[in-house]
Amino acid sequence: MFLEWIKKQGKLFYEIWPLIPAAAYLIGFLIIIGIYLINLSLTFANAGIIYYPTLKTFYDVFSNPKFLHALISTTIFVVIGTPLELIAGLFLALILYKSFIFRNFIRSIFLIPLAIPALVTATLLFILFDFPGGHINHLLMGKYPLFPQLIQEALNWRASEFLALGISMIGKIWRDMPISMLILLAGLNSIDPELFDSAKTMGAGIRQRIIYIILPLIIPSISAVVLLRSIEMWKEFIFPFVLAGKYNLLSTLIESFYNDWGNSYAASVVALIMVFCIIITAYLFILLMEYFKKRILRS
Amino acid sequence: MNIYSVKDKLKKLIWVGSIVFALALILLPLYLLIKYSISDASSINTGGAPIPLWPYHPTLKCYKYLFSDTQFYNVLSNSLIIALLTVIISMILGVPAAYVLGKYKLPGRHLLILGLISVRLFPDIASVIPIAEFFIKLRLHNTYTSIVLAHSLLALPYVIFIGMSAFESIPLDLEQQARVMGAKGFTIFFRVLFPLAMPGLAAAAIYTFLLSWDEFIFAYFLLGLGKITTLTLFLKQKLAYSPPQNLLATISVILSVPVIIFSLLLQKYMAAGITTGSVK
């Protein structure tokens with residue numbers, strides 16, 4: 001009996017041993033990240049004295065107005081950015097949904113933003129939204145033919161919190177919209193075309209077909225986009241770092257605490273809070289999507 | 001009948017207009033990036049006049065300047081060395097793991113896969129602090145080792161995932177036929193499975209290379225302003241000092257070109273049907 005068990009375990013080990021180095025590497029680092037993040041956030045340093053374990057760093061971070069401001073800004077960034085990315089992805093997906101010549105070629109072009117490094121996209125926006133002489137300022141000031149004048153004086157995009165975070169959001173949406181497009185396109189392609197034909201025969205218009213056929217059937221894809229993109233919005237670092245500078249989101253506040261203030265403890269606390277926000281957001285979106293799904297199916 | 005044809009034409013017009021708009025939205029910024037990289041100073045500092053949509057005197061001055069700078073060669077070689085070492089480590093660790101997960105139906109396989117990819121569920125900006133502190137403790141901060149190990153950590157879940165699909169798509173019959181003909185474990189892996197999984201594994205390797213090549217967050221926190229500078233760090237350093245926009249655009253183009261080219265190749269590899277007709 002025992003020998004059989006040993007033999008079975010030996011066979012299992014023979015099968016899985018190539019997996020062990022990678023598993024050890026990934027799980028080892030995961031444990032290191034978890035332990036360090038918790039240990040650092042429970043540490044507080046004052047006048048060269050280290051206190052551990054303590055919640056003083058949490059208290060410090062929560063009472064810091066910069067943190068509260070960053071938390072609110074990030075929440076707004078997520079709440080506005082996620083639906084915009086969904087709309088952008090849906091727009092591209094609906095274009096590709098119809099079968100036409102060069103469809104694959106255009107699909108490849110639509111995927112290009114994803115291939116551009118985020119730092120390059122941020123640099124490009126840095127150049128285009130330059131003050132006072134960027135292309136966008138000149139465009140809005142009506143300096144190019146066929147485009148009306150919308151502003152009198154050039155806007156200093158990176159000197160205003162609203163505009164700086166706004167262009168960060170534009171960059172994020174532009175770069176990531178192909179991901180939303182792919183997910184939604186997969187959802188759209190799974191709809192049986194016969195459903196459309198039947199609805200059309202029975203006199204359903206475009207609006208009815210969208211509301212009663214497309215929307216309920218691509219709810220899973222929409223949920224996936226909203227969930228994944230909202231998580232990405234919480235995590236976003238490069239665009240606000242390059243374009244919004246001092247106007248912090250949670251991600252850039254982590255960088256600021258770590259590099260500018262040399263405070264790895266506060267940075268870890270903000271990092272933990274960010275992870276917590278992501279988990280809460282994911283949970284809330286799942287609940288919300290379930291609710292909408294039920295309502296749509298009922299209607 | 002006539003009303004329908006007008007309606008159809010209008011629909012078609014809206015659809016074509018949408019395609020043109022979407023293409024402009026994607027291609028125009030890229031065109032402007034390339035345009036800036038070949039712009040002369042007078043096409044950027046226009047003194048209030050509209051910036052031209054095509055440079056007055058197109059020039060490759062910035063490219064020549066960068067490629068005559070020895071520091072830039074160091075930066076390029078650093079990025080290249082780090083990316084290649086990341087590919088080597090990720091593939092050495094990832095391919096055997098992908099093989100096991102793709103071929104054997106292990107107990108608790110899904111939980112195991114979740115455990116392996118869960119490191120990627122952490123936001124980079126949240127996991128970089130503990131990793132930076134860990135490498136500082138090991139005195140590996142500002143070294144090739146730290147950045148290569150960190151990039152491998154980022155790439156490994158993708159290698160396992162892509163590799164796993166590549167191995168899964170190879171019919172089990174092939175392995176069994178090879179076994180019947182007397183081939184042993186290593187021979188089967190290297191002579192039968194590995195060549196068939198090659199397109200998928202190549203895709204994983206290219207993806208890993210790209211991930212490391214354009215990675216910024218870990219490079220910024222682990223290398224900072226030390227002696228090892230990657231291309232993304234070089235671009236960030238230049239951004240901080242507000243250099244001429246044409247120089248920024250040129251560095252951006254150099255950083256993006258391999259990514260775009262390899263991404264197109266990656267699409268091709270991903271699309272390849274590798275096992276069609278391999279079992280008689």
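Quick note: numbers below take in every heavy atom, side chains included, and nothing from hydrogens, waters or symmetry partners. Order of the sequence lines sets the chain letters (A, B, ...), proteins ahead of strands, with each chain counted from 1.
Applying a 4.5 Å heavy-atom cutoff, the residues of residues 137-148 of chain A that approach chain B are His138(A), Lys143(A), Tyr144(A). Of residues 276-283 of chain A, those residues lying under 4.5 Å from chain B by any heavy-atom pair are Ile278(A).
For a residue to count as touching a neighbouring chain, one of its non-hydrogen atoms must lie under 4.5 Å from one of that chain's; by this rule Tyr104(B) touches chain A with the side chain only. The part of Ile131(B) that comes within reach of chain A is its side chain, from C-beta onward, which places non-hydrogen atoms under 4.5 angstrom from that chain. Residue contact with chain A, scored on non-hydrogen atoms closer than 4.5 Å, involves the side chain of Leu112(B) exclusively. Neither the backbone nor the side chain of Ile117(B) comes within contact range of chain A; no heavy atoms are under 4.5 Å apart. Heavy atoms closer than 4.5 Å to chain A are found in the side chain of Leu101(B), but not in its backbone.
Aromatic pair Phe100(A)/Trp15(B): ring centres closer than 6.0 Å. For Phe241(A) and Tyr220(B), the ring centers sit closer than 6.0 Å to each other.
The greatest number of non-hydrogen atom pairs below 4.5 Å with chain A, out of Val257(B), Leu32(B), Ile251(B), Asn45(B), is found for Leu32(B).
Ring geometry for Tyr99(B) against Phe189(B) counts as perpendicular: the plane angle is over 60°, on a 0 to 90° scale with 30° as the lower cut. Ring geometry, Phe186(B) versus Phe190(B): the interplanar angle falls under 30°, so the pair is classed parallel (tilted spans 30 to 60°).
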